[in-house]
Amino acid sequence: MSMTYEEEAQYHIDKQAEEITAMGNRTEPFEHTIAGINLTVLPNVYPGGLDSELVCKVMQINNGDSVLDLCTGTGVVALKAASLGANKVVGVDLNPNAVKNGKLNQERLGLKNLEFLEGSLFEPVKGSKFDVIAINPPYTNKKPANKTEICFWDEDNQTTKDFFKEFKDYLKPGGRVYFAWADFSSTELIEDLAKDNGVTLKLLDSSKTPSGLATFLVFQIV
């Protein structure tokens with residue numbers, strides 16, 4: 001029997017809560033591979049999953065590009081961009097454990113052309129412009145209790161709303177923006193945000209989770 005919209009929404013919140021508990025209960029790092037990159041994952045950091053894989057898959061990086069990766073988590077998208085030939089990469093996250101995690105993976109892979117900064121969205125890079133901006137924001141409209149929970153939960157989807165308002169100020173002419181989302185969150189929200197800010201969403205790729213109850217999507221913002 002299929003779930004109602006409310007049942008499905010609660011299912012995803014419950015699954016996210018389970019993952020948050022697991023993240024908090026970890027006492028040691030563990031190894032995880034995404035997009036061919038072997039990562040170390042620290043406690044209180046989301047390991048990343050299918051959505052991160054999709055962003056790494058579709059992201060086009062040219063030699064010499066400058067890249068900004070927002071909500072970087074373990075740093076996998078930033079690390080991928082650096083390995084693809086970007087000249088300068090900055091990963092940003094509000095979770096200090098994620099910033100520490102990104103730096104750890106950078107050192108492990110021996111990549112010199114990137115840095116990880118703590119802060120909210122564009123705050124740490126004010127005045128800078130980039131050829132590529134990527135973001136895998138929290139999808140679920142729920143108030144987080146701490147900086148571990150912000151990987152999934154974002155009250156009133158404020159992070160996504162702020163991103164759509166601000167990203168043009170940080171994008172070079174002809175630059176590219178990659179935006180991840182999930183269909184268990186409001187697709188109407190991002191369509192409306194795109195319209196309100198004079199841009200369109202071009203779907204680049206999508207993939208269902210093994211359960212079949214969610215589809216992750218990656219758009220280019222045009």
Side-chain angles (χ1 to χ4, degrees), residues 46 48 51-52 54-62 64-82 84 86-95 98-99 102 113-141 144 147 150-183 185-206 216-222:
Y46 177 53
D51 45 358
S52 304
L54 286 172
V55 175
C56 290
K57 176 184 174 183
V58 304
M59 180 173 59
Q60 293 184 353
I61 303 296
N62 300 321
D65 275 348
S66 56
V67 180
L68 176 63
D69 175 34
L70 300 173
C71 306
T72 194
T74 60
V76 63
V77 173
L79 295 162
K80 187 70 172 181
L84 290 173
N87 182 58
K88 172 188 176 183
V89 184
V90 181
V92 174
D93 205 293
L94 191 56
N95 180 353
V99 174
N113 52 337
L114 76 160
E115 62 180 330
F116 291 93
L117 304 174
E118 181 181 346
S120 178
L121 288 178
F122 299 100
E123 286 179 355
V125 294
K126 283 191 180 299
S128 300
K129 290 183 182 288
F130 299 86
D131 297 295
V132 176
I133 300 175
I135 183 170
N136 189 0
Y139 309 132
T140 302
N141 177 7
K147 289 184 178 179
I150 62 173
C151 64
F152 294 127
W153 297 340
D154 181 29
E155 188 174 19
D156 198 33
N157 294 111
Q158 195 60 52
T159 299
T160 298
K161 292 177 179 178
D162 289 344
F163 173 79
F164 271 89
K165 290 178 183 176
E166 298 175 21
F167 80 83
K168 291 180 185 177
D169 294 334
Y170 296 87
L171 189 67
K172 291 181 180 179
R176 303 174 299 286
V177 181
Y178 300 102
F179 175 83
W181 201 243
D183 69 348
S185 189
S186 172
T187 53
E188 289 183 359
L189 169 67
I190 60 171
E191 289 168 356
D192 288 344
L193 287 172
K195 183 178 178 181
D196 291 346
N197 289 279
V199 295
T200 57
L201 298 171
K202 178 184 177 182
L203 181 63
L204 298 180
D205 206 349
S206 64
F216 290 107
L217 315 151
V218 179
F219 299 90
Q220 185 170 350
I221 300 178
V222 182

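These figures come from a predicted structure and were not determined experimentally.
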Checklist entry - Side chains of T72 and D69: donor-acceptor distance under 3.5 Å anywhere? => result yes
Checklist entry - Rounded to the nearest 0.5 Å, how far does NZ of K202 lie from OH of Y178? => result 9.0 Å
Checklist entry - Taking all atoms of both residues into account, what is the closest heavy-atom pair of I133 and Y170, and its distance? => result CD1-O, 3.8 Å
Checklist entry - Do the side chain of N87 and the main chain of S66 share a donor and acceptor less than 3.5 angstrom apart? => result no
Next on the checklist: Heavy-atom count check: over 12 atoms from other residues, nucleotides or ligands less than 6.0 Å from K165 NZ?
Outcome noted: no
Checklist entry - Within a reach of under 6.0 Å around NZ of K57, are more than 12 heavy atoms found that belong to other residues, nucleotides or ligands? => result no
Item to check | C56 and V77: CA distance, side-chain angles, deciding distance, side-chain contact (heavy atoms from CB on, under 4.5 Å) verdict | outcome: CA-CA 6 Å; C56 290; V77 173; 4.0 Å; yes
Next on the checklist: Pair N141, D154 - check side-chain contact (heavy atoms from CB on, under 4.5 Å), show working.
Outcome noted: CA-CA 5 Å; N141 177 7; D154 181 29; over 6 Å; no
Next on the checklist: Just verifying a value: how many Å separate F179 CZ and N136 CG, rounded to the nearest 0.5 Å?
Outcome noted: 9.0 Å
Next on the checklist: Is it true that, when you exclude K129 itself, more than 12 heavy atoms of the residues, nucleotides or ligands shown sit nearer than 6.0 Å to its NZ?
Outcome noted: yes
Checklist entry - What's the shortest heavy-atom distance between V55 and A134, and which atoms? => result CG1-CB, 4.4 Å
Item to check | Closest contact, heavy atoms only, N95 versus I150 | outcome: N-CD1, 4.0 Å
Checklist entry - Stepwise, does the side chain to side chain donor-acceptor pair (under 3.5 Å) test hold for Y139 with D51? => result CA-CA 11 Å; Y139 309 132; D51 45 358; 2.8 Å; yes
Checklist outcome for this item: When every non-hydrogen atom of L203 is compared with those of L217, the smallest separation belongs to CD1-CB, 4.0 Å
Next on the checklist: So, taking the atom named OG in S120 and the one named CG in L70, what distance separates them when rounded to the nearest 0.5 Å?
Outcome noted: 9.0 Å
Next on the checklist: Using the rule given for side-chain contact (heavy atoms from CB on, under 4.5 Å), can you reason through D131 versus N62, listing the C-alpha separation, both sets of side-chain angles and the distance that settles it, and then say yes or no?
Outcome noted: CA-CA 9 Å; D131 297 295; N62 300 321; over 6 Å; no
Checklist entry - NZ/K126 to CD/E166 distance, rounded to the nearest 0.5 angstrom? => result 6.5 Å
Item to check | Which atom of T74 lies closest to which atom of L79, heavy atoms considered | outcome: O-CD1, 4.1 Å
Next on the checklist: Main chain of G73, side chain of D93: is a donor-acceptor contact present, judged purely on distance under 3.5 Å?
Outcome noted: yes
Checklist entry - Any side-chain heavy atom of I135 sitting closer than 4.5 Å to one from F167? => result no
Checklist entry - Does Q60 CD have over 12 foreign heavy atoms under 6.0 Å away? => result no
Checklist entry - Can you say whether the rings of F163 and F122 are parallel (under 30°), tilted (30 to 60°) or perpendicular (over 60°)? => result parallel
Item to check | Interatomic spacing from CH2 in W181 to CG in N157 - rounded to 0.5 Å | outcome: 4.5 Å
Next on the checklist: Minimum heavy-atom separation for A78 and G91, please, with both atom names.
Outcome noted: CB-CA, 4.5 Å
Item to check | Interatomic distance, D192 atom CG to N197 atom CG [nearest 0.5 angstrom] | outcome: 11.0 Å
